[in-house]
Novice: 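Can you keep this structure in mind? I'll have questions shortly.
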Amino acid sequence: MDTKEAVKRLQADLKRVSQNPPVGITVDIQDEGNIFKWNAMIYGPFDTPFEGGCFRLKMEFPPDYPRSPPSVYFFSRMFHPNVYSSGHICLDILQDMSVWKPAYDAGIILCAIQDMLGEPNPDSPANGIANNLYENDNAAYEEKVKEIVSMSQNEQETDKNLNENED
């Protein structure tokens, strides 16, 4: 598969996710001249400690996409057992080539990440502190998550004010 095929697939993915976005997910291209780099926004799933949060992600697609998965990481601060301090995500479909399938598109990837927020996998920890709290002191874990949710809301409000000032 060459880069042209990856571009074609990314254009189709972008169109599909933009025209029929999964609930609580938005995407756009980070730089109009580069379809291989996307911005995404995931809203915290209902009935989870992340509810009410709005989290930014970056997606970087490889030249052989969809044969290989993209690199996806949280740009917003995150406290989660399966998210490294760098924001990179420990999720099998992104890290394990035996699990990755070329049929997965950006929408499926982002839905999987959104699901992961509400259902951490303690068997695959990327953040030991978050994992320990999740397993041993859920009230403390949820309190830390609520701090992250509050930060995300403040960040979103700041962005809204900046955008209004640009108009």
Novice: Find out whether F50 and F55 are in side-chain contact, i.e. whether some heavy atom of one side chain is under 4.5 Å from a heavy atom of the other.
Specialist: yes

Novice: Please name the pair of heavy atoms, one in S98 and one in D96, separated by the smallest distance, quoted to 0.1 Å.
Specialist: OG-OD1, 2.6 Å

Novice: If only atom types and distance count, is the side chain of N138 paired as donor or acceptor with the main-chain N or O of Y134 below 3.5 Å?
Specialist: yes

Novice: For H88 and F74: C-alpha separation, side-chain torsions, deciding distance, then whether ring pair (Phe, Tyr, Trp, His ring centres under 6.0 Å) applies.
Specialist: CA-CA 6 Å; H88 283 86; F74 281 95; over 10 Å; no

Novice: Would you check, one step at a time, whether the test side-chain contact (heavy atoms from CB on, under 4.5 Å) holds for E51 with D47?
Specialist: CA-CA 6 Å; E51 183 175 354; D47 294 327; 4.3 Å; yes

Novice: With a 4.5 Å cut-off on side-chain heavy atoms, are P81 and P122 touching?
Specialist: no

Novice: I'd like to know whether the aromatic ring centres of F61 and F36 sit less than 6.0 Å apart in this structure.
Specialist: no

Novice: Could you report the tightest heavy-atom contact between G52 and Q153, atom names first, then the distance?
Specialist: O-NE2, 2.9 Å

Novice: Can you measure from CG (D13) to OH (Y104) and round to the nearest 0.5 angstrom?
Specialist: 14.0 Å

Novice: Under 3.5 Å, is there a donor-acceptor pair between the side chain of Q114 and the main chain of L110?
Specialist: no

Novice: Same cluster or not: are V23 and I25 linked, directly or through other Ile, Leu, Val, Met, Phe, Trp or Tyr residues, by side-chain heavy atoms under 4.5 angstrom apart?
Specialist: no

Novice: So, for T48 and P45, which heavy atoms are closest and what is the spacing to 0.1 Å?
Specialist: OG1-O, 2.7 Å

Novice: I35, I108: one ILVMFWY side-chain cluster at the under-4.5 Å cut-off?
Specialist: yes

Novice: Examine distances only and state if a side-chain atom of D137 and a backbone atom of L133 form a donor-acceptor pair shorter than 3.5 Å.
Specialist: no

Novice: Rounded to the nearest 0.5 Å, what's the gap from CG on D105 to CZ on R9? Could you check?
Specialist: 6.0 Å

Novice: If you measure from NZ on K37 to CG on L10, what distance do you get to the nearest 0.5 Å?
Specialist: 13.0 Å

Novice: Applying side-chain contact (heavy atoms from CB on, under 4.5 Å), run through M41 and C54 and close with a yes or a no.
Specialist: CA-CA 7 Å; M41 189 87 68; C54 181; 3.0 Å; yes

Novice: Taking the side chain as everything from C-beta on, heavy atoms only, tell me whether M59 gets closer than 4.5 Å to S71.
Specialist: no

Novice: State, yes or no, whether a side-chain contact exists between P21 and V27 at a heavy-atom distance under 4.5 Å.
Specialist: no

Novice: Relative to the ring of F79, is the ring of Y141 parallel (under 30°), tilted (30 to 60°) or perpendicular (over 60°)?
Specialist: tilted

Novice: Side chain of S152, backbone of V149: donor and acceptor closer than 3.5 Å?
Specialist: yes

Novice: Would you please test Y73 and E60 for side-chain contact (heavy atoms from CB on, under 4.5 Å) and show each step?
Specialist: CA-CA 9 Å; Y73 60 95; E60 297 178 3; 3.6 Å; yes

Novice: Could you report the tightest heavy-atom contact between I89 and M116, atom names first, then the distance?
Specialist: CG2-SD, 3.7 Å

Novice: Quick one: does any side-chain atom of N127 pair with a main-chain N or O of A130 as donor and acceptor, under 3.5 Å?
Specialist: yes

Novice: So, using side chain to side chain contact (heavy atoms under 4.5 Å, CB included) as the criterion, who are the partners of N39 when residues are at least two apart?
Specialist: D28, Q30, K58

Novice: Let me confirm one number: the CE-OG distance from M78 to S86, rounded to the nearest 0.5 Å.
Specialist: 12.5 Å

Novice: May I ask you to decide if L14's main-chain N or O and W38's side chain share a donor-acceptor pair within less than 3.5 Å?
Specialist: no

Novice: Quick one: pull up CG in N131 and CG in N121 and give me the separation to the nearest 0.5 Å.
Specialist: 8.5 Å

Novice: Which pair of heavy atoms, one from Y65 and one from P70, lies closest together, and at what distance?
Specialist: CE1-CD, 4.2 Å

Novice: Kindly say whether S124 contributes a backbone atom to a donor-acceptor pair with the side chain of N82 at under 3.5 angstrom?
Specialist: yes

Novice: List the atom of A126, the atom of C90, and the distance in Å for their closest heavy-atom pair.
Specialist: CB-CB, 3.9 Å

Novice: Calculate, to the nearest 0.5 Å, the distance between atoms CH2 and CG belonging to W100 and L91 respectively.
Specialist: 10.5 Å

